[in-house]
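Here the structure is laid out as structure tokens; the discussion comes afterwards.
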Amino acid sequence: MSYEYIGITVLWFFLYGYLIVASVDFGAGFFAYYAKLTKKDHIINKLISRYLSPVWEVTNVFFVFFFVGLVGFFPDTAYYLGQSLLIPGSIAIVLLAIRGSFYAFESYGSKDNSVYMFLYGATGLLIPAALATAMTISEGGFIEETANGVHLMIGKLLSSPYSWSVVLLAIVSVLYISSMFLTYYAHRADDGPALEIVRKYALFWSSPTIIASLTTFIALSQHNPEHYQKAIDLWWMFGISVAFFMIGLFLAYQGKYYGWAFIAVMFQFFFAFFGYGASHLPYILQPFVTITSGATNETMGVTLIIAFVAGLFLLIPSLVMLMRMFLFDADYVKGKK
Amino acid sequence: MFFEDSVLMSRLLTFLTLGFHIIFATVGVGIPIMISMAEFIGIKKKDPHYTLLARRWTRGFTITVAVGVVTGTAIGLQLSLLWPSFMQFAGNIISLPLFLEVFAFFFEAIFLGAYLYTWDRFKNPIFHWLLSIPIVIGSTLSAFFITTVNAFMNSPRGFDVEEGKLTAVEPFAAMFNPATPSKVFHVITSSYLTSAAILATIAAFIILIKKGTTYHKKALKMTVTATFIFAIATAVAGDSSAKYLAEYQPDKLAAGEWHFETEKSADLVIFGTLNENNEVENEIRIPGALSFLAHGDFDAEVEGLYETPKDERPPLWIHYMFDLMVSIGFYLVGISMLFLIFWKVKKWNEYNKWLLTGLAVIGPLAMLAIEFGWIYAEVGRQPWIIRGFMTVAEGATTSPYVGLMFLLFLGLYMVLGIGCIVVLRKIFKNNPAELELESRYPNVKESDKE
């Protein structure tokens with residue numbers, strides 16, 4: 001495998017990691033606010049904050065990793081995406097900034113401030129929507145290159161059915177992933193009342209997830225038939241994804257093996273996400289940047305990969321330590337520490 | 001109108017974001033080492049005062065880290081959004097340390113989460129202290145990596161350009177360029193210094209206003225001692241930076257010092273004004289001192305600004321940035337030394353009102369010095385974004401909406417700044433140290449003075 005492919009695979013793994021951990025975080029923010037509105041916050045919000053407090057900064061780093069890595073491996077994307085994404089990118093930054101800092105203000109400073117809670121809940125849905133736009137743009141057709149430089153055609157983006165179907169898919173996926181995780185977490189915490197609520201959320205959001213996925217496929221076939229055809233050639237990836245969806249849903253419905261159910265959800269998104277990514281190639285940003293034309297020089301590419309592997313040796317043990325302390329430490333999860 | 005000038009607005013927005021972020025970044029690099037030291041002293045001396053210091057500093061630190069993280073994310077993305085051509089070019093050469101910086105931060109964030117939530121989990125407190133070490137290493141390494149990128153912009157190395165194409169890229173040569181050692185040294189020491197000074201300000205302020213207890217006095221002694229040590233280190237680092245400039249960026253040094261003609265035994269010009277003929281007036285002049293600063297020799301020749309082509313000279317007002325930074329640096333050394341002398345001389349009272357007042361301002365002053373120094377470093381590189389290869393104007397976006405984004409971010413930073421202050425006040429006002437000491441360590445008596 002050449003260094004470009006290793007690079008994009010590494011980045012895609014990080015984006016996948018971000019997809020999972022950030023979805024848990026974003027959805028939890030929404031659920032926390034929803035629970036407050038429906039006066040159920042006393043049941044589930046402790047559970048949510050016990051998980052989120054130690055890990056939100058780590059979640060954020062997954063994202064930073066992705067875009068710094070993208071600029072490192074494929075510097076041309078900095079030019080095209082940077083030029084065209086000034087407005088949506090800035091809005092995403094502002095939302096992320098408000099969310100992160102107000103989360104910290106709320107959890108370390110003033111407890112149960114309803115403005116903070118609202119911001120936290122609202123940004124939980126708006127950020128995935130804003131970030132999903134970058135995915136949409138990468139399909140091509142929304143950026144023009146003129147003598148004055150590169151520009152985003154905002155009107156076209158806002159009137160595209162494909163663009164909206166991606167936004168919808170992002171939001172429902174976030175809610176589905178998050179509620180499935182919280183179901184597992186509530187189960188571990190032996191928190192019966194919370195489990196009942198979040199399990200209901202999970203079952204509720206399952207069918208919209210699959211419907212939104214199908215809608216997005218249909219919209220893609222209209223917007224970018226070439227990409228759609230490549231995705232169809234990888235039909236088995238999406239088939240496996242659907243199979244894992246069924247497994248996860250079945251287990252959650254049965255009310256057993258919540259851990260396995262969440263792992264099934266992770267696989268569901270893994271196959272769908274990598275199927276999408278693989279069919280997207282060779283383009284990174286259609287039609288301007290391909291995996292070969294946009295790649296950095298070989299020396300830098302190889303150096304980055306070495307740095308990455310070295311970094312993993314440091315990170316994986318640390319992440320395992322963090323997870324053992326907060327995710328898999330039964331006493332902590334149950335609130336005894 | 002200037003609002004439509006995308007180059008100028010890109011500069012202003014970057015100035016805004018970095019000017020705000022640098023406050024939290026500086027604290028983020030320096031506070032961990034102070035927390036770690038306090039916790040360690042607390043364990044070694046079995047003195048709960050120091051442990052409580054570490055705990056309370058950590059609590060404030062989490063708030064500033066949160067703002068630092070989100071503004072750091074902002075600048076990370078803005079580099080591409082506002083400077084797409086720069087990032088496209090520089091990404092090929094200097095992305096290694098950018099990438100590593102994220103690793104270092106990742107590492108720090110993991111251990112920070114662990115450190116925050118495990119104060120009472122371990123039987124032996126030294127294990128909790130050990131968790132602080134990766135935080136110190138991670139935050140300092142972050143500073144190191146990101147500073148190498150800035151160093152690269154000042155002295156680009158590790159590549160060739162042949163017919164408009166990049167060749168022979170050497171990531172490590174780019175990272176370890178001539179500006180790296182002095183810059184990294186200066187950034188890290190001044191971050192440590194500023195953090196110690198801010199903590200000293202808090203202690204001095206409370207003793208001044210509310211008399212303070214043993215707890216606050218111990219805090220003051222520890223933080224002022226640290227301020228003194230880091231201030232000396234920063235002075236040494238600053239000196240090495242000047243010597244770097246003299247050798248590799250003489251135009252930046254010359255503009256900062258208002259040194260126009262190349263000459264031997266050059267005078268150091270402090271403050272002053274320029275008349276219409278670019279002649280210096282009203283200044284303080286130290287004979288030969290610039291030669292000494294630049295080359296360690298009072299007779300050495302120092303290159304003047306007129307050697308640089310006119311359109312490549314940085315603006316002359318950076319002279320004041322330099323002088324203000326250095327003046328504050330000297331003040332920090334002086335006042336912290338004075339306190340140490342008053343403390344060691346038994347007959348003198350180190351808690352006298354004047355000394356405390358003098359110490360109560362060092363935190364904000366040190367932070368100002370950071371801002372001045374940073375402005376000097378960045379504006380002094382003008383008109384270049386990568387010295388000798390790309391100008392700021394060439395690197396900027398051509399999007400016409402930067403002015404609008406400037407307003408958006410101005411609003412964001414106002415909200416973040418106010419939120420940060422409100423929350424910090426709330427945390428500490430409702431929970432003064434005396435009360436917390438009593439509730440956590442009921443066995444410690446106020447009579448427990450040294």
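In what follows, every chain begins at residue 1, and chains take the letters A, B, ... in the order their sequences are listed. In what follows, every heavy atom counts, from backbone to side chain, and hydrogens, waters and symmetry copies are set aside. Since the structure is predicted, the reported quantities are computational estimates derived from the model, not experimental observations.
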| remark: Closest heavy-atom pair, A:P75 versus B:M87, reported as atoms and distance to 0.1 Å, is CB-O, 4.3 Å

| query | Got a sec: does the CZ of B:F389 have more than 12 other heavy atoms crowding it under 6.0 Å? | reply | yes

| said: Heavy-atom pairs under 4.5 Å with chain B: which of A:L86, A:L85, A:V68, A:L81 has the most? | reply: A:L86

| task | Measure up the B:F99 and A:F308 rings against each other and bin them: parallel (under 30°), tilted (30 to 60°), perpendicular (over 60°). | result | tilted

| Most contacts with chain A, counted as non-hydrogen pairs under 4.5 angstrom, among B:S95, B:A74, B:G76 | B:S95

| note | Of all heavy-atom pairs linking A:N297 and B:N92, the shortest is ND2-O, 3.1 Å

| Going through the checks in order, is the side-chain contact (heavy atoms from CB on, under 4.5 Å) test met by B:T73 and A:F67? | CA-CA 10 Å; B:T73 309; A:F67 72 71; 4.3 Å; yes

| query | Is the number of heavy atoms from other residues, nucleotides or ligands within 6.0 Å of CD (A:E298) greater than 12? | reply | no

| request: Heavy atoms only, distances under 4.5 angstrom: which of A:I87, A:T77, A:I91, A:V64 has the most pairs with chain B? Name it, please. | output: A:I87

| request: Identify the two heavy atoms, one from B:L416 and one from A:A97, that lie closest to each other, and give their separation to 0.1 Å. | output: CD2-O, 4.2 Å

| field | Check against side-chain hydrogen bond (donor to acceptor under 3.5 Å, both in side chains), B:S399 and A:Q83 | value | CA-CA 7 Å; B:S399 168; A:Q83 274 280 8; 6.0 Å; no

| task | Go through B:T397, B:D120, B:V415 and name the one with the most non-hydrogen pairs under 4.5 angstrom from chain A. | result | B:T397

| message | I'd like to know whether CZ of B:F122 has more than 12 heavy-atom contacts from other residues, nucleotides or ligands below 6.0 angstrom. | response | yes

| task | Pick one of side chain, backbone, both or neither for A:L152, based on which atoms fall under 4.5 Å of a heavy atom in chain B. | result | neither

| Is there side-chain contact between A:V61 and B:V69, with heavy atoms separated by less than 4.5 Å? | no

| message | Which atoms of B:F409 are under 4.5 Å from chain A, going by heavy atoms: the side chain, the backbone, both sets, or neither? | response | side chain

| Under 4.5 Å from a heavy atom of chain A, the part of B:I94 involved | backbone

| query | Out of B:L13, B:L77, B:L408, which one pairs with A:S90 under the side-chain contact (heavy atoms from CB on, under 4.5 Å) rule? | reply | B:L408

| query | Run the side-chain contact (heavy atoms from CB on, under 4.5 Å) check on A:V71 and B:L98 step by step: do they pass? | reply | CA-CA 10 Å; A:V71 172; B:L98 279 173; 5.7 Å; no

| B:V402, part contacting chain A, at a heavy-atom distance under 4.5 Å | both

| remark: What one should report as the nearest heavy-atom pair of B:V70 and A:L96 is CG1-O, 3.9 Å

| query | Which answer fits B:T118, side chain, backbone, both or neither, if we ask what part of it has an atom under 4.5 Å from a heavy atom of chain A? | reply | side chain

| Pair A:Y79 + B:F89: ring centers closer than 6.0 Å | no

| field | chain A contact via B:L166 - which portion, at a heavy-atom distance below 4.5 Å | value | neither

| request: Would you name the heavy atoms of B:Q88 and A:A78 that are closest together and state the gap between them? | output: N-CB, 4.2 Å

| said: If I take atom CZ from residue B:F107 and atom CG from residue A:L314, how far apart are they, to the nearest 0.5 angstrom? | reply: 4.0 Å

| request: Against chain A, work out which of B:A168, B:A174, B:P84, B:A90 has the most heavy-atom pairs shorter than 4.5 Å and name it. | output: B:P84

| message | So for B:L100, is it side chain, backbone, both, or neither that comes closer than 4.5 Å to the heavy atoms of chain A? | response | side chain

| request: For A:T299 and B:E170, test the side chains for any donor-to-acceptor distance below 3.5 angstrom and give the result as yes or no. | output: no

| query | Looking only at heavy atoms, which two atoms of B:Q78 and A:I93 are closest? And how far apart? | reply | CG-CD1, 4.1 Å

